[in-house]
Structure formats: C-alpha cells, structure tokens
2 protein chains.
Amino acid sequence: MRIGEVAEQAGVSVRALRYYEEQHLLVADRAAGGRRRYPESAVERVRLIQRLYAAGLASATVREVLPCVDSGETEASPALLERLVDERALIDQRITDLLSVRDRLDEVIGVARNPDLGCAHDDTRPGGRPGTIWKRSHEGR
Amino acid sequence: MRIGEVAEQAGVSVRALRYYEEQHLLVADRAAGGRRRYPESAVERVRLIQRLYAAGLASATVREVLPCVDSGETEASPALLERLVDERALIDQRITDLLSVRDRLDEVIGVARNPDLGCAHDDTRPGGRPGTIWKRSHEGR
DNA sequence: CTAGAACCTGACGTTGACGTGAGGTGCAAA
DNA sequence: TTTGCACCTCACGTCAACGTCAGGTTCTAG
C-alpha cells in the first residue's frame with residue numbers, strides 16, 4: 001500500500017506515518033523511486049500505536065513495548081518487565097481518574113437536563129457502570 | 001495556607017499553582033506584601049484540576065467546566081451542555097482504549113511471568129500488585 | 001507528452017503545562 | 001542586625017506529536 005492509503009484507512013495523517021517511521025515505530029520498504037510501500041498489516045499496527053498513545057504511553061515506552069505486543073511474548077529483560085508492570089499501574093490510575101471525572105460530568109449533565117431533580121438520585125445508574133452512553137461523537141484528538 | 005504548603009499537600013509544583021492562577025483555574029488573595037494566601041479547600045481543588053487534566057480535558061474546557069463542577073450545577077448554555085456531552089463521549093473512548101491497552105499489557109506480562117502455562121503464584125514483585133480493577137474489558141469497536 | 005495528483009526530504013512553527021533561571025522582596029529566627 | 005529561606009514577577013526554555021510550508025521528484029490519466 002502507499003502511504004496515503006494507509007493514512008486514510010487508519011484515520012491518521014500522512015505526516016503522522018512519516019513521524020512514526022522517524023521514531024522507529026513503523027517500518028516501510030521503498031519502491032523504486034523512493035516511495036514508501038506498506039503491507040496491509042500496517043493499518044492495524046498504526047491503529048495499535050494510536051491506542052497506545054491515547055492510553056498516554058510515552059513514545060519511548062511505546063517503542064519498547066511494541067515488539068512484545070507484536071510477538072505476543074516477552075523474552076525481554078526483567079527490567080522491561082518491571083517497566084510494563086509500572087505502566088500497567090499508571091494505566092490503572094488513569095482509568096480511575098477517568099471514571100471519577102466521568103461521574104462528575106454525569107452529575108453535572110444530569111442536573112443540567114433535569115433541573116427540578118436537584119437532590120434526587122439518578123437511579124438509572126446501577127452500581128457498576130455509571131451512566132449511559134447517550135451519544136457517540138467521533139473526534140480524533 | 002501559603003503556596004508552598006498547598007503545593008506539597010496537593011503534590012504539585014509551586015510553578016504549577018501559579019500557572020493555574022494565570023489560567024484562571026485557581027484564585028488566591030494576597031497578604032500584605034503580595035504573597036498568595038489559599039484556603040484549605042485549595043488542596044482539593046488542585047487535586048480536582050489534576051484529575052481533569054489527567055482525564056485529557058483541554059485547559060479551556062477545564063476552565064469552562066470547573067465552575068459547574070464546583071457549584072454542582074449548570075445554569076449554562078445548551079452549547080456548554082453539548083460540550084460536556086461530547087467530552088463525556090471522548091472520555092468513554094479513552095477509557096475503552098485504556099482497557100484495551102491494559103489487556104494487551106496483561107497478556108504480555110502474563111506470558112513473561114509464566115512462560116510455560118498457568119500457575120500464577122508468583123506475586124512477590126516490589127511495589128506489589130497495583131489496583132483492584134481486574135475486570136475484563138468489553139470491546140468497544 | 002503533459003498536467004496534476006501523490007509523494008519525497010528538510011526544516012521551521014505550534015500548543016500545553018509547566019521547568020528554569022535572573023534579580024529582587026518579606027519575614028521569622030538568631 | 002543579619003542570615004536565610006520562602007516568596008514575588010518577568011521571561012525564555014522544553015518536549016511531544018505532529019502541522020505546515022518550501023522546493024523538488026515520480027507516477028498516472030488523458
């Protein structure tokens with residue numbers, strides 16, 4: 001595939017793909033003339049990279065982690081393993097933060113929608129999953 | 001409280017607090033001599049700001065949202081309400097991403113720990129196991 | 001053959017959330 | 001009084017993940 005196709009299908013910019021290559025997150029061989037050629041699998045890989053970024057991993061960490069996630073295994077050093085465990089802890093923290101913030105937003109939104117129910121509980125919220133996903137707006141970052 | 005105390009108790013830098021003031025996220029009155037004085041409540045407010053940032057909200061959004069979250073109500077425009085709903089959707093997306101990434105990490109970590117199948121008794125890591133959140137993620141897309 | 005997409009390599013610009021001095025002030029203790 | 005730390009206000013530096021412009025090349029449709 002050409003870079004433009006990959007970009008479109010993965011929903012990122014061409015510049016982003018060149019940046020990923022610069023950062024050694026994504027490789028491409030070159031056709032005669034110097035243009036990048038990607039395998040089909042590149043699309044999925046880019047989506048994975050996006051998810052990792054969206055999860056707040058630093059690019060250096062992504063660089064370390066990607067090979068493992070690719071192969072589905074770690075032969076790596078215990079040092080890297082520790083890094084992964086630490087990253088997992090950070091991600092847990094971020095999830096907790098996000099859930100907390102989402103709950104606050106839900107409160108505010110709920111009150112704004114039903115100003116009369118000032119003190120009433122929103123009982124459409126069973127203990128586990130707070131709130132309903134009312135709307136899915138799609139926006140990159 | 002003085003700025004140094006707030007900073008320490010909230011776990012942020014003094015510079016960060018001055019930055020928040022610059023961004024109108026946090027106010028302080030001044031003692032004679034020009035030094036900032038904060039109420040005790042400032043610590044919690046700073047922690048909230050941190051959570052909002054950690055949740056990936058843009059600073060402009062934080063600025064808009066903070067008064068609502070503060071007062072626990074929205075008298076604001078339907079435009080702001082829509083913003084909040086959109087933000088909620090983004091947060092949901094981020095949560096989904098994080099859960100997905102966390103699962104990938106768990107796979108890798110699991111394999112690295114038990115290269116030959118599953119008796120998971122080795123839990124003697126430094127720092128211990130982070131988080132009580134062990135629920136499996138439902139795939140979002 | 002020619003126009004014009006699509007691509008290439010630099011290289012500088014952008015934005016957010018602070019970091020990091022520089023140079024001066026306030027205040028409590030010794 | 002003097003030390004000395006915490007604090008003050010500029011104001012420039014940083015870093016990541018790209019955006020954007022410049023100036024040139026290559027591929028494809030007509």
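Just so we're on the same page: letters track the sequence lines, and every chain starts at 1. As the structure is a prediction and not an experimental result, all values here were calculated from the model.
When the P atom of D:dA16 is taken as reference, atom CG of A:Leu25 falls 12 Å away, rounded to whole Å. If you measure from atom CZ of A:Arg2 to atom P of C:dA5, you get 14 Å, rounded to the nearest angstrom. Atom CE of B:Met1 and atom P of D:dA6 are 15 Å apart (whole Å). Spacing between atom CG of A:Leu57 and atom P of D:dA17 amounts to 10 Å, rounded to whole angstrom units. When rounded to the nearest whole Å, the span between CD of B:Glu21 and P of C:dA17 equals 17 Å. As rounded to whole Å, 9 Å separates atom C1' of C:dA17 from atom CD of B:Gln23. Rounded to whole Å, atom P of C:dA17 lies 15 Å from atom NE2 of B:His24. The CG atom of B:Leu52 sits 12 Å away from the P atom of C:dC18 (whole-angstrom rounding).
Of all nucleotides listed (D:dA17, C:dC7, D:dT9), D:dT9 comes nearest to the side chain of B:Arg36.
At the heavy-atom level, B:Arg18 lies under 4.0 Å from base atoms of the strands shown. Backbone-only engagement by B:Arg30 is indicated by non-hydrogen atom pairs under 4.0 Å involving sugar-phosphate atoms exclusively.
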In a table with atom names and distances, give each donor-acceptor pair under 3.5 Å that connects a side chain of residues 27-36 of chain A to protein atoms at least two apart or in another chain.
unit_1  : atom_1 : unit_2  : atom_2 : d
A:Arg30 : NH1    : A:Gly34 : O      : 2.8
A:Arg30 : NH2    : A:Glu21 : OE2    : 3.2
A:Arg36 : NE     : A:Glu21 : OE1    : 2.7

Can you give the donor-acceptor pairs under 3.5 Å from side chains of residues 1-11 of chain B to other protein atoms, not counting sequence neighbours?
unit_1 : atom_1 : unit_2 : atom_2 : d
B:Glu5 : OE1    : B:Arg2 : N      : 2.9

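The line from OG of A:Ser100 to CD1 of A:Ile95 is 13.5 Å long, rounded to the nearest 0.5 Å. Distance check: A:Asp97 CG to B:Leu52 CG gives 9.5 Å after rounding to the nearest 0.5 Å. Interatomic distance, OG1 of B:Thr61 versus CD of B:Glu87, reported as 4.5 Å (0.5 Å rounding).
Looking at every heavy atom in both residues, A:Ser59 comes nearest to A:Gln23 through OG-OE1, 4.2 Å.
Annotation: of the two residues near DNA chain D, B:Tyr38 and A:Val14, the 5′-most nearest-nucleotide partner is B:Tyr38.
A close approach under 4.0 Å does not occur between any side-chain nitrogen or oxygen of B:Tyr19 and OP1 or OP2 of C:dC18. Between B:Tyr53 and C:dG16 there is no side-chain N or O to OP1 or OP2 distance below 4.0 Å.
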Given side chain to side chain contact (heavy atoms under 4.5 Å, CB included), test B:Tyr20 with B:Gln50 step by step and report yes or no.
CA-CA 10 Å; B:Tyr20 296 161; B:Gln50 288 280 103; 2.6 Å; yes
Footprint string (nucleotides 20-30 of chain C, 5' to 3'): B base within contact, S backbone only, - free, heavy atoms under 4.0 Å:
B-----BS---
